[in-house]
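Along the sequence shown, the residues carry numbers beginning at 1.
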Amino acid sequence: MCEIVLLVTARLSPKSSPIVLPLALVIACADPAGEGALSAGSGIGSGITGASISGGSVGDGGDSDSEGESDSDSGGGGESDSDSSGGGGPGGDASSGGEPSSSSGEPTGGGSGDEPMADPCAAIAAHPSWELCASGEGTCTAVFSDSAGCAAVCAAAGMSCAQVFEDLDGLCAPDLNRPELACAPGSGHKSDYCVCTAGGEGCEPSCEGASCGPDGCGGVCGSCPGGQICNGGACFPAPDPESVMAFPGAEGEGMRCVGGRGGDVYHVTTLADSGAGSLRAGVSGSGARTIVFDVAGIITLNSPLVISRSELTIAGQSAPGGGIVIRGYQTEVKANDVVIRHVRFRAGDPKKKKSKDGSGFTEDSLTLQGSCIIVDHVSASWGIDESLSGGSSFEDVTVQYSIIAEGLRKTCLFHGEYDCSHPGHSMGSLFKPKTGDSNLSIHHSLFFSNNNRNPAIGAYESGQSQRADLRNNVIYNCPSPGYVSGQTKKLELNYVGNYLIFGPSNTSSTHMFQGEAASKLHIFQKGNLRDLNKNGAFDGKDDGWAAIKGTYTQASEFSMRPVTTHSAKEALELVLAGAGALPWARDSVDLRIIKALKEGKGAIIDSQDDVGGWGTIDAGQKIQDSDGDGMSDVWELARGLDPNFAGDRNGDDDLDGYTNLEEYLDARANP
């Protein structure tokens with residue numbers, strides 16, 4: 001018999017880092033006696049002697065068998081949820097049964113005398129659910145069909161997992177049209193193609209064609225110089241950090257919040273208050289996380305919801321149907337680097353008592369406390385104290401394109417007491433920290449039918465300072481607009497391009513903002529309009545400093561993080577068209593509010609029941625997300641991503657600084 005072996009350095013994926021595996025072409029010749037037949041076989045691996053592939057070369061495509069793909073939020077494909085009986089990892093029976101042999105059935109190795117060397121790949125070959133594709137010096141390639149994972153397969157041979165691919169249609173070859181997978185234990189699909197190596201033996205690292213990333217043997221080709229990042233084996237300039245916001249369109253003081261970028265994904269699968277798959281379970285703990293919603297509807301809280309997890313993104317736009325409403329109690333952020341988009345917070349008074357008992361519910365609908373928080377396109381209504389406010393300490397906060405509406409007045413629940421003799425409350429927003437300095441942006445938002453605090457800003461202590469930017473907001477049917485509260489060392493305010501519109505509840509107070517001596521207010525104002533005539537037309541006038549009341553010092557514009565500034569008339573149109581959660585699919589509450597503004601209607605209310613309550617939310621259809629990475633299968637396929645590989649969510653294919661998951665969520669927010 002004669003045998004010709006050709007070893008070639010191969011790149012297994014045009015997009016991945018270079019991978020070096022011997023490519024063996026084996027020709028078995030007829031023996032001198034003429035008893036053998038000419039045969040040929042080819043395959044990717046080391047020393048392949050019998051795997052034949054018909055109908056095209058390896059990598060020509062074909063869907064791999066990815067049944068049992070997990071919805072785990074971990075990278076590298078996720079832990080499989082298919083039946084993993086049959087084992088084969090350390091402690092299993094993978095080494096029992098069968099004689100050491102190569103894939104051709106002949107003994108491998110040399111040794112002294114007639115004793116063959118033990119073949120470490122034999123443990124794989126003997127396993128009933130694993131197939132040894134090839135073996136060589138210090139190398140095994142194999143496919144499993146029991147979800148064991150390549151880490152377990154390689155460990156059975158006393159080797160380390162070097163690389164993992166999806167199997168090419170059961171042909172014992174890697175599917176090169178799909179991304180490389182992870183070696184992490186438990187990260188396998190139902191069947192994967194495993195490359196196992198014993199240390200560096202049998203593996204020839206090569207960085208040919210690549211300057212960074214894996215070298216094909218678990219090593220690294222090299223690192224990119226400062227200011228560059230590795231992508232697909234090559235170095236590229238890193239995105240300018242100044243250009244990467246919390247999301248495209250984030251502006252103001254909270255524009256650079258990181259949120260859950262690069263972290264795991266948590267799926268809200270139930271509207272229940274607590275338990276597995278609940279929002280409450282997802283917002284606790286630590287580590288970067290993005291929360292997506294597999295369900296739509298109303299989440300009724302049984303107690304206040306405290307968001308204590310920092311580096312968190314809550315992506316309400318990911319929900320199907322009509323999105324998410326949170327009702328019943330306060331939602332309070334007590335964390336740093338938090339991004340909240342397209343959620344409705346409407347506490348209401350469902351816990352209203354029937355008699356005085358000292359347990360009045362007094363919270364806001366949404367409270368923000370922490371460093372770097374951005375709230376985008378939320379709807380906050382029906383607070384007992386305020387509808388949307390700052391907590392005891394906060395800095396780098398933005399509220400943008402939101403609706404802050406209908407703070408409840410006579411609820412009998414104010415300040416911890418059930419007391420119906422209280423004259424009433426109905427407040428919009430109070431941003432007044434008890435400790436530390438603060439900075440705040442509120443822009444392109446609607447204050448609707450709140451009796452007072454539209455908004456109120458300030459501090460509790462004379463040693464505190466605050467800088468605020470109130471820009472392009474609309475204040476409608478609010479008897480008392482904005483003012484300062486408490487005392488500060490210095491309060492610096494930009495008040496630009498806002499539009500005050502009188503409604504049925506407005507009477508005598510015609511100013512837009514009011515200062516007090518204790519606050520030491522320094523204010524810059526420009527381009528604000530007042531529409532006081534209630535004639536059904538939006539025909540406000542710029543009255544300059546006459547719109548600012550009380551004690552203050554006129555100042556030049558203060559330098560703050562930028563906000564795209566429109567005229568007050570343009571801002572009104574933008575707010576009417578785009579403020580609040582899911583403006584392309586507003587619920588009945590927001591639709592009513594916008595309609596009332598357009599028609600000159602509205603009232604200061606005592607209960608959500610006065611205006612029809614929470615209504616219903618369309619449940620919609622669950623979005624198909626096979627790998628549980630937070631991105632829909634349809635979107636991934638359109639972008640050339642793998643809907644069966646969860647690890648691609650944190651990639652940055654276009655090198656713009658936003659992960660693929662962030663790109664998807666922003667697409668959901670801009671349908």
Side-chain angles (χ1 to χ4, degrees), residues 252-253 362 364 367-371 383 385-399 404 407 414-416 422-443 445 447 450-471 473 475 478-496 498 500 506-526 528 530 543-560:
E253 296 300 287
T362 64
D364 310 329
T367 301
L368 310 177
Q369 179 174 317
S371 176
D385 197 355
E386 290 89 32
S387 287
L388 194 161
S389 286
S392 60
S393 63
F394 58 87
E395 59 180 344
D396 295 334
V397 171
T398 288
V399 176
I404 302 156
F414 184 63
H415 281 310
H422 191 279
H425 209 48
S426 182
M427 303 294 168
S429 293
L430 174 65
F431 282 88
K432 184 180 176 182
K434 293 181 178 179
T435 60
D437 298 338
S438 65
N439 52 314
L440 165 72
S441 297
I442 304 177
H443 68 89
S445 293
F447 291 86
N450 307 300
N451 186 64
N452 210 332
R453 300 179 186 172
N454 295 290
I457 59 175
Y460 282 90
E461 301 295 335
S462 60
Q464 294 176 257
S465 297
Q466 185 179 97
R467 179 171 284 191
D469 193 87
L470 306 181
R471 189 175 298 258
N473 301 297
I475 304 100
C478 297
S480 176
Y483 67 95
V484 297
S485 179
Q487 55 186 340
T488 59
K489 180 179 180 181
K490 189 175 184 180
L491 178 56
E492 298 175 335
L493 171 64
N494 293 324
Y495 197 84
V496 178
N498 301 291
L500 173 67
N506 288 99
T507 54
S508 59
S509 297
T510 62
H511 63 278
M512 299 185 73
F513 200 85
Q514 179 173 335
E516 297 291 345
S519 71
K520 299 179 179 62
L521 173 65
H522 292 67
I523 181 172
F524 169 80
Q525 73 81 28
K526 181 181 179 181
N528 302 290
R530 292 191 297 178
D543 296 317
W545 288 101
I548 310 301
K549 182 181 178 181
T551 304
Y552 58 85
T553 299
Q554 296 183 18
S556 299
E557 187 166 10
F558 298 103
S559 176
M560 300 188 71

Colleague: Check S389 against L430 and note the closest heavy-atom contact, atom names and distance.
Modeller: OG-N, 3.0 Å
Colleague: If you take all heavy atoms of S387 and I404, which pair is closest and at what distance?
Modeller: CB-CG2, 4.1 Å
Colleague: Roughly how far apart are H425 NE2 and D385 CG, rounded to 0.5 Å?
Modeller: 4.0 Å
Colleague: Given side chains that start at C-beta, do those of T398 and H443 come closer than 4.5 Å, heavy atoms only?
Modeller: yes
Colleague: Roughly how far, to the nearest 0.5 Å, is the CD atom of Q487 from the NZ atom of K520?
Modeller: 7.5 Å
Colleague: Any heavy-atom pair between the side chains of L388 and D364 that's under 4.5 Å?
Modeller: no
Colleague: So, does Q464 use its side chain to make a donor-acceptor pair with the main chain of D437 at under 3.5 Å?
Modeller: no
Colleague: Drop me the distance from T553's OG1 to L521's CG, to the nearest 0.5 angstrom.
Modeller: 7.5 Å
Colleague: Check the pair R471, E557 against salt bridge (Lys or Arg N to Asp or Glu O under 4.0 Å), reporting the backbone distance first and the verdict last.
Modeller: CA-CA 12 Å; R471 189 175 298 258; E557 187 166 10; 2.8 Å; yes
Colleague: Taking the side chain as C-beta and beyond, is there a heavy-atom pair between N498 and F513 under 4.5 Å?
Modeller: no
Colleague: Please report the closest heavy-atom contact between V484 and S519, naming both atoms and the distance.
Modeller: CG2-OG, 3.3 Å
Colleague: Could you please spell out the steps behind the side-chain contact (heavy atoms from CB on, under 4.5 Å) verdict for Y552 and L493?
Modeller: CA-CA 10 Å; Y552 58 85; L493 171 64; over 6 Å; no
Colleague: Spell out, as yes or no, whether a donor-acceptor pair under 3.5 Å connects the side chain of Q369 to the backbone of S392.
Modeller: yes
Colleague: Output all residues satisfying side-chain hydrogen bond (donor to acceptor under 3.5 Å, both in side chains) with K434, sequence neighbours left out; order by chain, then residue number.
Modeller: none
Colleague: Please find the pair of heavy atoms, one from I548 and one from Y495, that lie closest to each other, and give the distance.
Modeller: CD1-CD2, 4.4 Å
Colleague: Centres of the F558 and F524 rings: under 6.0 Å?
Modeller: no
Colleague: Could you walk me through whether Y460 and T435 pass the side-chain contact (heavy atoms from CB on, under 4.5 Å) test, one step at a time?
Modeller: CA-CA 8 Å; Y460 282 90; T435 60; over 6 Å; no
Colleague: Closest heavy-atom contact between A518 and G486?
Modeller: CB-O, 3.9 Å
Colleague: Which atoms form the tightest heavy-atom contact between P481 and M512, and what is the distance?
Modeller: CB-O, 3.4 Å
Colleague: Measuring from atom CG of L440 to atom CZ of R467, what distance do you get when rounded to the nearest 0.5 angstrom?
Modeller: 12.5 Å
Colleague: Return the CD to CD distance between E492 and Q466, rounded to the nearest 0.5 Å.
Modeller: 10.5 Å
Colleague: Name each donor-acceptor pair under 3.5 Å that joins a side chain in residues 451-459 to protein atoms two or more places apart or in another chain, with its distance.
Modeller:
from, atom 1, to, atom 2, distance (Å)
N452, OD1, S480, OG, 3.0
R453, NE, Y483, OH, 3.2
R453, NH1, E386, OE2, 2.4
N454, OD1, N450, ND2, 3.1
N454, ND2, N450, O, 3.2
N454, ND2, N452, O, 3.3
N454, ND2, S480, O, 2.8

Colleague: With a 4.5 Å heavy-atom cut-off, do F394 and L368 have their side chains touching?
Modeller: no
Colleague: Would you say R530 and T510 make side-chain contact, with heavy atoms under 4.5 Å?
Modeller: yes
Colleague: Once rounded to the nearest 0.5 Å, what's the spacing between atom CG of L500 and atom CG of N473?
Modeller: 11.5 Å
Colleague: Out of the candidates S371, S465, P433, only one should pair with S438 under the side-chain contact (heavy atoms from CB on, under 4.5 Å) rule; please name it.
Modeller: P433
